[in-house]
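In this text the structure is predicted, and so the values were computed from the model without any measurement.
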Amino acid sequence: MKTQRPISSDEEHQVLQFRPRNSPSPSVRRGNGTVQPLRAATPEPLDLSRYEQPREEPDDFRHRMLANIAALAFTIALTAIGIWLAVSIADLRRTQDCVLMGRRDCVKITTPHI
């Protein structure tokens, strides 16, 4: 089978020079303008005080903890219901497969332990 390669000219490809980041890069002329290298500004300390806003009411720790406990209980209940549902569906599937194979002893009979 003959492979086809796209026709390309040398004008489409250009090799760029690699400059390490730690060396100062000179200004580069591209198109109609001059690109200046980025100058590292003095880093400002991480201060989040500018985002703080005064609260009208103090934070209610007890209410927040009760809401977290309620959310945790709801999540646990949903997980338990999901596991129960998955086990029930798997059991029904096993029973249905047994019946479709033509067997007669598909239902589990539980006997009390004496």
Quiz item: How long is the gap from CG on Leu72 to CD1 on Ile69, to the nearest 0.5 Å?
Solution: 8.0 Å

Quiz prompt | Residues forming a side chain to side chain donor-acceptor pair (under 3.5 Å) with Asp105, sequence neighbours excluded | solution = none

Exercise. With rounding to the nearest 0.5 Å, note down the distance linking CD1 in Ile83 to CG in Leu78.
Key: 11.0 Å

Exercise. Write out all pairs satisfying side-chain hydrogen bond (donor to acceptor under 3.5 Å, both in side chains) with one or both partners inside residues 58-67, taking only residues at least two apart or from two chains.
Key: Asp59-Arg64

Self-check item: Ion pair Asp91/Arg94, N-O distance below 4.0 Å
Solution: yes

Quiz item: Do Leu92 and Leu85 belong together in a cluster built from hydrophobic side chains that touch within less than 4.5 Å?
Solution: no

